[in-house]
**Student:** 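For reference, the structure I am asking about is given below.
Small disclaimer: the values here were computed from a predicted structure and weren't measured.
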Amino acid sequence: MKTIPPLNALLDLPVPGISPGDGPLTGETLAVKDIFDVAGLPTGCGNPQKYGESPPATTTAPAVQNLIDAGARFVGKTQTDELAFSMMGQNTHFPHPVNPRAPDRVTGGSSSGSVAAVAGGLASIGVGSDTGGSIRAPASFCGVVGLRTTHGRISLAGTMPLAHSLDTFGWFARDITLYEKVGGVLLGPDRQDFKLNRPLFIPLLEHLLLGEAEDTEYRRMYAILAAYLGHARSARQATASMDDLYLCLRQIQGFEAWAAHGEWISQKERNLGPAVRERFEYGSTIDDDTYRLQTRRRDLFRNEFTDLLGDDGILVLPTVPGAAPLVDTSFDDSQAYRERCVRLFCFSGLSGFPQITLPLGKVHGAPFGISLIGPEGSDRALIRLGKTILQAADAT
């Protein structure tokens, strides 16, 4: 039996005496990414200087408090990539969390500690966030369920911002039934009874898979979905090219990240990790005119995507290009993988629509997920659909 090393997921902080309520999550345990305030603890944001300058929070972020009030027992803060601006889960300042399902591969980030805690059994619910992929990538890499929620549907009060027009609340769970319970607590009812029965695919997205093994496994996962949903039809590509959408997401995220953190970063040497430093420096070069241009491009894309999905459409796509990169992957190869991911993440990120990743696959001995994107506000319908698909897959 392979021995999994310590997960390094939970931060070495005291656990405040927070009493859980009595509700649908009674008996569940809760780990919280260290960008969310928890009363009695500093919010460190994955950076030692931020941690040192952060007084203990006086209140708990409302979304986290809702989970505690529903019965979940808080067990600790979890590691995050530095200022939540990374995708691999390898924070320069701390030992990296271990991927329990593939210890030789990264967990993914920036919600690295929360996903490791859930996948490794340290907590049954792991709270995270998704700006550019920080729920979707870790969930796929570690073989758990993850949903990027509709932008703005769950409050981010009491949360460190990264890019305000992209930031979303999310969570991990190994079990889809528990995932649905958490959704019931956090999401409230969908705005309508969505019938998600018109599957679509965009061939260009599937071309981002890494190789033949990934393509074969993706086809197998797709067949599981098709057995329930029917075969997807090819959808038209948006007016903007994939490269245009990639640049749009990067420049909006970079501009807003610098607006949120540039003043703090510029005050003195912050010893940021090299990749994080590079991303913030890039954001500092984006001017107001470029930001306005990309915001208009996003609005056009969102309108086109709204028309494409209507009230019943779902886009089927790979969550990520393949298995998680190996922990010793070179910087250049890691960046190349990240750029493929960003292209896959653009559709949910730029539209603000919900995307769920389901742990249906395995490639090179490691987890590999498949995703569904639904119309704006269809979060709970997506979770129900995911539950049906996973239960059908378990029964075969």
**Student:** Which residues end up grouped with Val144 if you chain together Ile, Leu, Val, Met, Phe, Trp and Tyr wherever their side-chain heavy atoms are less than 4.5 Å apart?
**Tutor:** Val115, Val118, Ile135, Phe172

**Student:** Side-chain heavy atoms under 4.5 angstrom apart, residues restricted to Ile, Leu, Val, Met, Phe, Trp, Tyr: same cluster for Leu7 and Val106?
**Tutor:** no

**Student:** Quick one: ring-ring contact (aromatic ring centres under 6.0 Å, His included) partners of Phe345, sequence neighbours excluded?
**Tutor:** none

**Student:** Could you tell me whether the side chain of Asn47 and the main chain of Gln49 form a donor-acceptor pair under 3.5 Å?
**Tutor:** yes

**Student:** Could you check whether Asp379 pairs with Arg153 (Lys NZ or Arg NE/NH1/NH2 to Asp/Glu carboxylate O, under 4.0 Å)?
**Tutor:** yes

**Student:** If you count the non-hydrogen atoms of other residues, nucleotides and ligands that lie under 6.0 Å from CZ in Arg279, is the total more than 12?
**Tutor:** yes

**Student:** For residues Leu344 and Pro321, determine if any side-chain heavy atom of one lies less than 4.5 Å from a side-chain heavy atom of the other.
**Tutor:** yes

**Student:** List in chain and number order the residues that pass side-chain contact (heavy atoms from CB on, under 4.5 Å) with Leu13, two or more places apart in sequence or in another chain; answer none if no residue qualifies.
**Tutor:** Leu11, Leu41, Tyr51, Lys77

**Student:** Quick one, Leu208 and Leu317 - any side-chain contact, counting heavy atoms below 4.5 Å?
**Tutor:** no

**Student:** Which pairs with one or both residues in residues 332-345 pass salt bridge (Lys or Arg N to Asp or Glu O under 4.0 Å), sequence neighbours excluded?
**Tutor:** Asp243-Arg343

**Student:** Taking all non-hydrogen atoms of both residues, which atom of Phe280 and which atom of Ala257 are closest, and how far apart?
**Tutor:** CE2-O, 3.6 Å

**Student:** Got a sec, which residues hit side-chain contact (heavy atoms from CB on, under 4.5 Å) with Glu212, two or more places apart in sequence or on another chain?
**Tutor:** Thr216

**Student:** Ignoring hydrogens and angles, tell me if any N or O in the side chain of Thr159 forms a donor-acceptor pair with the backbone of Leu156 under 3.5 Å.
**Tutor:** yes

**Student:** Ignoring hydrogens and angles, write down the donor-acceptor pairs under 3.5 Å from the side chains of residues 349-366, residues two or more places apart or on other chains.
**Tutor:**
from   : atom 1 : to     : atom 2 : distance (Å)
Ser351 : OG     : Phe347 : O      : 2.6
Ser351 : OG     : Ser348 : O      : 3.3
Ser351 : OG     : Phe353 : N      : 3.1
Gln355 : OE1    : Arg136 : NH1    : 3.0
Gln355 : NE2    : Ser371 : OG     : 3.0
Thr357 : OG1    : Thr319 : OG1    : 2.7
His364 : NE2    : Glu214 : OE2    : 3.0

**Student:** With no hydrogens and no angle check, is any side-chain donor or acceptor of Thr150 less than 3.5 Å from a backbone partner on Gly377?
**Tutor:** yes

**Student:** Answer yes or no: is there a donor N or O on one side and an acceptor on the other, between the side chain of Tyr282 and the main chain of Phe255, under 3.5 Å?
**Tutor:** no

**Student:** Could you pull out all donor-acceptor pairs under 3.5 Å where a side-chain atom in residues 380-395 meets a protein atom, sequence neighbours excluded?
**Tutor:**
from   : atom 1 : to     : atom 2 : distance (Å)
Arg380 : NH1    : Gly188 : O      : 3.4
Lys387 : NZ     : Glu180 : OE1    : 2.8
Thr388 : OG1    : Arg384 : O      : 3.1

**Student:** For Pro48, enumerate each residue passing the side-chain contact (heavy atoms from CB on, under 4.5 Å) test, keeping only those at least two apart in sequence or located in another chain.
**Tutor:** His93, Phe94

**Student:** Measure from NZ or CZ of Arg233 to the centre of the six-membered ring of Phe201, then state whether that distance is under 6.0 Å and the direction lies within 45° of the axis.
**Tutor:** no

**Student:** Output all residues satisfying side-chain contact (heavy atoms from CB on, under 4.5 Å) with Asp69, sequence neighbours left out; order by chain, then residue number.
**Tutor:** Gln65

**Student:** Mind checking who shares a hydrophobic cluster with Leu293, ILVMFWY linked at side-chain heavy-atom distances under 4.5 Å?
**Tutor:** none

**Student:** Examine distances only and state if a side-chain atom of Thr78 and a backbone atom of Lys33 form a donor-acceptor pair shorter than 3.5 Å.
**Tutor:** yes

**Student:** Restricting to non-hydrogen atoms, name the atom on Asn91 and the atom on Thr80 that form the minimum distance, rounded to 0.1 Å.
**Tutor:** ND2-O, 2.9 Å

**Student:** Sorted by first residue and then second, give each salt bridge (Lys or Arg N to Asp or Glu O under 4.0 Å) pair with at least one member in residues 164-175; sequence neighbours left out.
**Tutor:** none

**Student:** For the residue pair Arg270 and Lys50, establish whether any side-chain heavy-atom pair is separated by less than 4.5 Å.
**Tutor:** no

**Student:** What pairs with Asp289 under salt bridge (charged side-chain N to carboxylate O under 4.0 Å, His left out), at least two apart in sequence or on another chain?
**Tutor:** Arg292

**Student:** When the ring centroid of Phe169 is compared with that of Phe36, is the distance short of 6.0 Å?
**Tutor:** yes

**Student:** Taking the side chain as every heavy atom from C-beta outward, state whether Thr29 and Ile125 have any pair of such atoms under 4.5 Å apart.
**Tutor:** no

**Student:** Does atom CD of Glu263 have more than 12 heavy-atom neighbours from other groups under 6.0 Å away?
**Tutor:** no

